[in-house]
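Only a predicted model underlies this, so the values are computations on that prediction, with no experimental measurement involved. Only this structure's heavy atoms are used, side chains among them; waters, hydrogens and symmetry mates stay out. Counting starts at 1 for both ligands and their atoms, in listed order.
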Amino acid sequence: MSGSTIFARIVAGEIPADIVYQDERVTAFRDISPQAPVHILVIPNREIPTLADVGEEDEALLGHMLVTASRVAAEQGLAEEGYRTIINCRDHGGQEVYHLHLHLLGGKPLGRMLPGAGE
Ligand code: DGP
């Protein structure tokens, strides 16, 4: 087994996923439990557990994740009407899989960022 998380195994091709983009640094694949018509995860191929674990040495990789999300969003037809990106971090952020990932969500109006916030 190549990694400690399910996402590392997806990167390694050990378990199936609907991969929409992959290069030597990042992989983008459809979320198994979509929360919107388009729900794609963009992850670094290298295992970084959470956003709280990144450092200056990761700046280029994090930028590449965002540029990849933007390109994939355009390919999925989301750019004109827009979309949302989310990175959940650790317990209070609701992170379930401890391999850094950016959620790309779109395909319908997504409403308020945090339901109930500000009410
Ligand atoms: P988070 O709560 O931010 O850690 O989101 C984890 C997401 O990962 C969640 O939306 C479901 C998705 N997920 C979990 N296991 C798998 C899997 O085996 N395959 C795919 N494609 N997605 C998964």
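- Within the 4.0 Å heavy-atom criterion, neither part of Q35 lies near ligand 1.
- More than 12 heavy atoms of other residues, nucleotides or ligands shown are found within 6.0 angstrom of CD on E57.
- When only interatomic distances are considered, the shortest N/O to N/O separation between I6 and ligand 1 does not fall below 3.5 Å.
- At a heavy-atom cutoff of 4.0 Å, ligand 1 is contacted by no atom of D18, backbone or side chain.
- Interface atoms of ligand 1 facing G94, defined by a heavy-atom separation under 4.0 Å, are 2 (O).
- From the protein, the heavy atom lying nearest to atom 4 (O) of ligand 1 is E96 N, 2.6 Å.
- For atom 21 (N) of ligand 1, the nearest protein heavy atom (residue, atom name, distance) is R30 O, 2.9 Å.
- Near I10, meaning under 4.0 Å from any of its heavy atoms, are these atoms of ligand 1: 19 (N).
- Counting the atoms of ligand 1 from 1 in the order shown, those under 4.0 Å from a heavy atom of N88 are 1 (P), 2 (O), 3 (O).
- Residue V72 is grouped with residue L100 when hydrophobic side chains (ILVMFWY) are merged at heavy-atom distances under 4.5 angstrom, including chains of intermediate members.
- The two residues L51 and C89 make their nearest non-hydrogen contact at N-SG, 4.2 Å.
- Under the 4.5 Å side-chain heavy-atom criterion for grouping Ile, Leu, Val, Met, Phe, Trp and Tyr, L41 is not connected to V26 through any hydrophobic cluster.
- Heavy-atom contacts of F29 reach the following atoms of ligand 1: 20 (C), 21 (N) (cutoff under 4.0 Å).
- At least one side-chain heavy atom of I6 sits under 4.5 Å from a side-chain heavy atom of I15.
- L104 and L110 are assigned to two separate hydrophobic clusters, defined by single-linkage of ILVMFWY side chains at heavy-atom distances under 4.5 Å.
- Protein heavy atom closest to atom 14 (C) of ligand 1, with residue, atom name and distance, is V97 CG2, 4.1 Å.
- Centroid-to-centroid, the aromatic rings of H101 and H99 stay 6.0 Å apart or farther.
- Across every non-hydrogen atom of I43 and F29, the tightest pair is CD1-CE2, 3.7 Å.
- The protein heavy atom nearest to atom 6 (C) of ligand 1 is H101 NE2, 3.5 Å.
- Looking only at distances, no side-chain donor or acceptor of D58 sits under 3.5 Å from a matching main-chain atom of L61.
- Atom 22 (N) of ligand 1 has I32 N, 3.2 Å as its closest protein atom, hydrogens excluded (heavy atom only).
- The nearest protein atom to atom 8 (O) of ligand 1, hydrogens excluded, is given as F7 CZ, 3.4 Å; this is a heavy-atom distance.
- Closest to atom 12 (C) of ligand 1, if we only count protein heavy atoms, is D31 OD2, 3.3 Å.
- When only interatomic distances are considered, the shortest N/O to N/O separation between Q95 and ligand 1 does not fall below 3.5 Å.
- Side chain of R84 to backbone of G111: a donor-acceptor contact under 3.5 angstrom is found.
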